[in-house]
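As structure tokens, the structure follows; a few thoughts come after it.
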Amino acid sequence: MKKSFLKLVLPAILIMIVMGGCRLFGTGSMAVEVRMAELCALSAGVDYVVVTARNGGLVEESGEIPFSSGGTLCAFNEIPVGIWKLEVVGYDSSRRAIYSGNSTVSVIKDLSSSAAVTLEPMNGEFEIDFKKAEYEGLKAEKIDIWVYPLGESRSVAHGEFTDLSESSLLVTAANVKPRTYEYQIRASKLDVEKAKLVEFYKSPWYVFSVLPGLKTIVNAELGKSEFSVNMDINAIPVKPTIDSFFVEIISNGSVQTSASIVVDNPDELSLVTVYTRFQETDRYSETTTYEPVPSQARWEYSLRVDDPNFGPEVNAWLVAVSTGKNGLNSIASDQASAHASVMK
């Protein structure tokens with residue numbers, strides 16, 4: 001009889017202990033230090049942080065703590081001993097979550113434990129909206145919208161649309177890295193024999209950027225495009241500036257490109273990458289990289305390009321991207337374009 005009673009009572013006691021966060025074993029305290037990833041503190045845009053600690057069904061929350069670039073401390077006193085999971089979220093001045101970090105800490109009876117949490121940029125999202133008023137003039141039977149991270153070969157989103165009666169064609173992606181992306185619109189229709197779809201239109205590649213923890217809305221248009229973002233650049237480096245860009249035909253099938261590239265805070269950068277293209281329907285391709293010197297804010301770029309397809313007239317486009325010492329990329333510079341032709 002006693003054994004049966006213990007079998008019934010012991011599980012209930014264990015559940016009470018777990019749900020109570022191990023209160024039966026005493027209390028301790030913990031101090032949590034919150035800091036930004038290296039070289040991000042001054043540009044992150046974090047106004048305050050909220051620290052949440054969880055142990056089973058127990059939840060302790062710090063409330064809003066003003067964030068300091070040198071690190072912020074948060075203390076929890078007289079909490080049950082055990083393993084606590086920490087979640088820290090950094091908010092901007094508009095109360096939007098843009099950075100986060102996680103850790104665990106073991107609270108020991110009558111002692112003070114400590115933990116350090118490093119905040120990293122949160123992923124963002126984007127929405128590309130291609131309205132019927134823009135695409136119905138194409139008289140297409142299928143429209144594709146492809147989205148790639150700038151300079152990469154694997155797409156991050158693809159919208160394929162055959163029902164073109166909708167008021168808008170939407171391509172969305174959540175949980176994407178904060179960086180610059182490219183997208184292109186492609187239209188197809190049946191061939192003369194009405195046997196298969198053939199692609200008859202490709203838009204230029206357009207660029208847009210996603211910032212930490214935020215949603216970018218792109219209003220896609222034929223011939224032009226615009227995008228809006230919810231806030232200024234934060235922890236990612238400041239984008240480079242193309243001060244001047246020239247292209248010169250030096251011989252049949254060879255051109256010389258040159259540009260002056262200006263960067264802010266070169267001592268915080270590890271790399272600057274230059275991308276070029278010579279057709280609007282081409283994607284940008286990486287042409288060169290350089291490592292900035294701390295005292296050098298301007299870099300003179302020059303590169304000869306040989307291509308038998310170059311004719312008597314050449315168009316060129318160029319963008320540059322900075323990479324911080326923290327490994328984060330800036331959004332791309334404003335596009336620079338140049339034209340050259342052979343004098344007759």
Side-chain angles (χ1 to χ4, degrees), residues 34-47 49 67-72 87-94 96-103 116-126 147-157 173-183 207-216 218 227 229-242 261-275 284 286 288-294 296-297 299 319-335:
V34 182
R35 57 188 178 220
M36 296 298 301
E38 184 181 2
L39 297 176
C40 286
L42 294 178
S43 57
V46 174
D47 187 64
V49 297
F67 180 74
S68 168
S69 60
T72 295
E87 179 186 29
V88 183
V89 179
Y91 297 83
D92 64 11
S93 57
S94 298
R96 298 173 296 193
I98 56 175
Y99 277 72
S100 67
N102 296 276
S103 186
V117 179
T118 300
L119 296 182
E120 301 285 349
M122 296 175 66
N123 286 346
E125 58 182 310
F126 64 78
V147 187
Y148 289 81
L150 179 67
E152 295 191 5
S153 59
R154 178 174 294 184
S155 65
V156 72
N175 199 34
V176 296
K177 291 185 179 299
R179 60 175 302 168
T180 297
Y181 296 86
E182 298 175 284
Y183 76 93
V207 295
F208 67 94
S209 299
V210 175
L211 297 179
L214 303 180
K215 180 178 182 178
T216 294
V218 181
F227 67 91
V229 297
N230 294 3
M231 63 179 295
D232 295 331
I233 300 171
N234 288 320
I236 55 180
V238 178
K239 68 181 181 180
T241 300
I242 311 302
I261 300 173
V262 180
V263 296
D264 288 344
N265 305 317
D267 57 319
E268 295 184 2
L269 303 179
S270 63
L271 206 66
V272 175
T273 305
V274 178
Y275 300 86
Y284 277 104
E286 180 181 321
T288 190
T289 60
Y290 81 99
E291 298 180 6
V293 177
Q296 182 182 1
W299 176 57
V319 296
V321 174
S322 294
T323 302
K325 291 180 179 178
N326 55 13
L328 300 178
N329 290 332
S330 73
I331 64 175
S333 66
D334 294 338
Q335 295 183 107

Residue pair [X] / [Y], side-chain heavy-atom distance below 4.5 Å:
{"X": "K177", "Y": "N123", "answer": "yes"}
{"X": "V319", "Y": "V207", "answer": "no"}
{"X": "V274", "Y": "W299", "answer": "yes"}
{"X": "S100", "Y": "M122", "answer": "yes"}
{"X": "T289", "Y": "V272", "answer": "no"}
{"X": "F126", "Y": "V147", "answer": "yes"}
{"X": "R179", "Y": "I236", "answer": "no"}
{"X": "I242", "Y": "D334", "answer": "no"}

Inset, instruction - Check side chain to side chain donor-acceptor pair (under 3.5 Å) between T323 and all other residues, then give those that pass, not counting sequence neighbours. - result: N329

Inset, instruction - Determine, stepwise, if the pair E291 / L271 fulfils side-chain contact (heavy atoms from CB on, under 4.5 Å). - result: CA-CA 5 Å; E291 298 180 6; L271 206 66; 4.0 Å; yes

On a heavy-atom basis, which atom in [X] and which in [Y] lie closest, and how many Å separate them?
{"X": "P237", "Y": "S330", "value": "O-CB, 3.1 Å"}
{"X": "L119", "Y": "G101", "value": "CD2-N, 3.7 Å"}
{"X": "I98", "Y": "D92", "value": "CD1-CB, 3.9 Å"}
{"X": "L328", "Y": "N326", "value": "N-OD1, 3.0 Å"}
{"X": "A332", "Y": "L150", "value": "CB-CD2, 3.9 Å"}
{"X": "K325", "Y": "L269", "value": "CE-O, 3.5 Å"}

Legend entry - Pair T180, S209: side-chain N/O donor-acceptor within cut-off below 3.5 Å: yes

If I take atom [atom1] from residue [X] and atom [atom2] from residue [Y], how far apart are they, to the nearest 0.5 angstrom?
{"X": "E182", "Y": "E152", "atom1": "CD", "atom2": "CD", "result": "10.5 Å"}
{"X": "E125", "Y": "L214", "atom1": "CD", "atom2": "CG", "result": "9.0 Å"}
{"X": "N102", "Y": "E87", "atom1": "CG", "atom2": "CD", "result": "5.5 Å"}

Legend entry - E286 atom CD, neighbour heavy-atom count above 12 within 6.0 Å: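 Yes, enclosed.
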
